[in-house]
Structures are given as structure tokens and as C-alpha cells.
Amino acid sequence: MEDAKRYWSKGLEDVPAYVPGEQPRGEGWIKLNTNENPYGPSPKALEAAREALGDRLRRYPEPSGRVVRDAVSDVYGVDARDVFTGNGSDEILAFAFRAFFDQGSPILFPDVTYSFYPIWARAFSLPFRTVPLREDFSLDPEDYVGDVGGIIFPNPNAPTARALELGAVERILSRNPARLVLVDEAYIDFGGRTAVPLTKRFPNLLVVHTLSKSRSLAGLRAAFAVGSPGLVAALERVRDWYNSYTLDSIAQAAAAAAIRDVEWTGGISRKIQSTRDRFAAELSLQGWSVVPSSANFVFAAHPRLSSTELQASLRERRILVRAFSGPRLERHARISIGTDAEMDEVAKVVRSL
Ligand SMILES: *Cc1c(COP(=O)(O)O)cnc(C)c1O
């Protein structure tokens, strides 16, 4: 291995490796470490995937994800030309870093946020500056001014679960008209308000959605972004350097059906929100400090244990959660919301620690 590193390109080793959440082997785990949905995807999406399985797989898929763009257009009331599709939102975000941010001024994002952002900035040799969240982990829109090369943040933020009001998103957009502002709405369906309608008024806004969380299709790898046709064109350019057919035909069919099944998404999202609120209240009762959540996970600090200690004790009971380290985070764990039965079990176990 060390020997082969002489063949690596310059700088490759300096880009920190992203560490995905643990995938347990065997049965009986309560897996609350990667914000997956505890309920299945829309039956209509599964049916559409089955229908796409056939002789037509001989052919390359339609490159732009036309059926997905039409579904987004109908459900969100935007033009299909304003929609870009991708093989998971991680792919769209990576393309966007390359397409919109440059070497000149730093990209701004919160100090506590999705751990992939600094990796992409480093991978594409882009300068960035992290902006500290307030003490309560909320984002202050007034901080996003000055020497700005571009802005990205999740709404609701991850791992804090806190949502930003649309008015605050709008302030960031109007203060930075010459810079691309990317709002990563991976968790928007669990209680936030989407900025998609703002794309009509703000040519500097790109909103990215994934089907991995509220649509329960993490295994399918499908996502979309909404922004002006000029932004979509930039993303298409970068995409075509790597792979012109990012979304396969099965994924396109299933994703389109899942997006159209708003009733299913709404139903499971409401169920998760009610489980979340009950679980958060239970943790507060047990003395935890819980950040108000608008997502399908809670970010909470145990009264005594560090999050790595908590993670280890829970792991012994076959419960997986995500731990954090660093000055403001060492007591905070991120716990995804599972079924009521799973969260009751977790509440029982943590009470006994
Ligand atoms: C889960 C997540 C994504 C990525 O999801 P994909 O599965 O790649 O679509 C993007 N951003 C944030 C903040 C996430 O938590």
C-alpha cells in the first residue's frame, strides 16, 4: 500500500478521507447512525422500478433524467429546465463545488455542518472559511457577508437538526447577489420550509434535494437540484466530464414515482416527526440537552457521558448512533429517528446507563 502511493497524484493523500457510517453485519441491530428512513419507500416507486427491469436495459438511459425533472416540475411548480438530476445529492454537491466556486475568495459554511463540505473544498483546491454557529447552534445570516466566494449550508443543518427560517435564507441570498448560494435541503421534509420557490426570484440560488431521507430511497442513489437554467447548464458540463448517464433507467423510474407520491412521503415524514418529538421530550426528561430538531434525527448531549462513551455503550447493546468530537461537540451525539418501538428501546437503554 505505502509503496503504491508513489503512483498517487500530487495532493491526493492530503485530502482527508470521508468516513461513512458503520454498516453492521448480522441481525438485531437498531441502526440510527446514518439518518436512514425506518419506513419503506413508496410502493408506487417500487412498482415503477420493477417495470423498468426488462429488455429496455439494453439502451442507455435518457441522460438528463427527463421523467424525474417532469415529476419535480409538477410537484414543486417549477420549470423542468430548472431541474438537474444526480446519482445521490453527494454527487450533485461535488459537481456544484467544481462548477460554481473558485480559487479567489473563500467558500463560507458553518463550523458545525455536513462533514463532506471541507472534503470537497480540499479535493478541488478551493479556499474556504468556516463560520461559527451561535452558542445554541443556530446560524446567523448576518455572518455571511464580506469576502465571499460562495456559500453552502444544509437547511435544516446537519448534524445540529436546526432549521433556518426562509426569511434568513432570503437575507443571505440578497446580500450576496454575485455569489452562488447552495442550500442543501436533505432534511427539509421533516419540518423546514423549502427555498425552491425562491429560485424564481434569485438567480444565485441552487437548492439540492435527495431521495435518500424523506423518500426512503438511500439505496437507489437519486437526487435533484433546482436553480435557473444557467446553473443547470454548468452542472451538466461538469457531470459530462465524469459520466453522462448518472441516473440509470431503474433509478429514474423509481425516483419519478417516489417524487409524485407526495401522500406517502408526507405520511411517513409526519410519523417520524411525531416519534422524534416524543423521543426528544424523553431525553430532555432524562436530563439531556437536546437541540430543537426539524430533521429525522436529534442532536443531543448526555448529562455526563461524552458522545464517544455513549456510542460505545450503545454499541454493546447493538444500537448504532453517531458520535462527535471537538470542543463544542464532544458531548453531542446524533441519533437518527427509527420506529416508535426502536426509539422506546433506545430510551430504555439510555435510562439505564
Ligand atoms: C444525507 C445527506 C446528503 C446526501 O445524501 P445522498 O444520499 O448522497 O443523496 C447530503 N447532505 C446532507 C446534509 C446529508 O445529511
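One-based numbering, in listed order, for ligands and for the atoms of each. Residue numbers run from 1 in the order of the sequence given. Since the structure is predicted, the reported quantities are computational estimates derived from the model, not experimental observations.
- With sequence neighbours left out, the side chain to side chain donor-acceptor pair (under 3.5 Å) criterion links Glu309 to Ser306.
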List, for ligand 1, each N/O atom that has a protein N/O partner under 3.5 Å away, with both atom names and the distance.
{"residue": "ligand 1", "atom": "5 (O)", "partner": "Ser89", "partner atom": "OG", "Å": "3.2"}
{"residue": "ligand 1", "atom": "7 (O)", "partner": "Ser212", "partner atom": "OG", "Å": "2.6"}
{"residue": "ligand 1", "atom": "7 (O)", "partner": "Arg221", "partner atom": "NH1", "Å": "2.7"}
{"residue": "ligand 1", "atom": "7 (O)", "partner": "Arg221", "partner atom": "NH2", "Å": "3.4"}
{"residue": "ligand 1", "atom": "8 (O)", "partner": "Ser89", "partner atom": "N", "Å": "3.2"}
{"residue": "ligand 1", "atom": "8 (O)", "partner": "Asp90", "partner atom": "N", "Å": "3.0"}
{"residue": "ligand 1", "atom": "8 (O)", "partner": "Asp90", "partner atom": "OD2", "Å": "3.3"}
{"residue": "ligand 1", "atom": "8 (O)", "partner": "Arg221", "partner atom": "NH2", "Å": "2.8"}
{"residue": "ligand 1", "atom": "9 (O)", "partner": "Ser89", "partner atom": "N", "Å": "2.6"}
{"residue": "ligand 1", "atom": "9 (O)", "partner": "Ser89", "partner atom": "OG", "Å": "2.9"}
{"residue": "ligand 1", "atom": "9 (O)", "partner": "Thr210", "partner atom": "OG1", "Å": "2.5"}
{"residue": "ligand 1", "atom": "9 (O)", "partner": "Ser212", "partner atom": "OG", "Å": "3.4"}
{"residue": "ligand 1", "atom": "11 (N)", "partner": "Asp184", "partner atom": "OD1", "Å": "3.3"}
{"residue": "ligand 1", "atom": "11 (N)", "partner": "Asp184", "partner atom": "OD2", "Å": "2.7"}
{"residue": "ligand 1", "atom": "15 (O)", "partner": "Tyr187", "partner atom": "OH", "Å": "2.5"}
{"residue": "ligand 1", "atom": "15 (O)", "partner": "Lys213", "partner atom": "NZ", "Å": "3.1"}

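- Taking the charged nitrogens against the carboxylate oxygens, Glu13 and Lys5 do have a contact shorter than 4.0 Å, which makes a salt bridge.
- Taking Lys348 as the reference, Glu345, Arg351 meet the side chain to side chain contact (heavy atoms under 4.5 Å, CB included) condition, with sequence neighbours excluded.
- The pair Asp136-Arg162 counts as a salt bridge, with a side-chain nitrogen and a carboxylate oxygen less than 4.0 angstrom apart.
- Within a 6.0 Å radius of CZ in Arg59, no more than 12 heavy atoms belonging to other residues, nucleotides or ligands are found.
- Residues meeting the ring pair (Phe, Tyr, Trp, His ring centres under 6.0 Å) test with Tyr242, sequence neighbours left out: Phe95.
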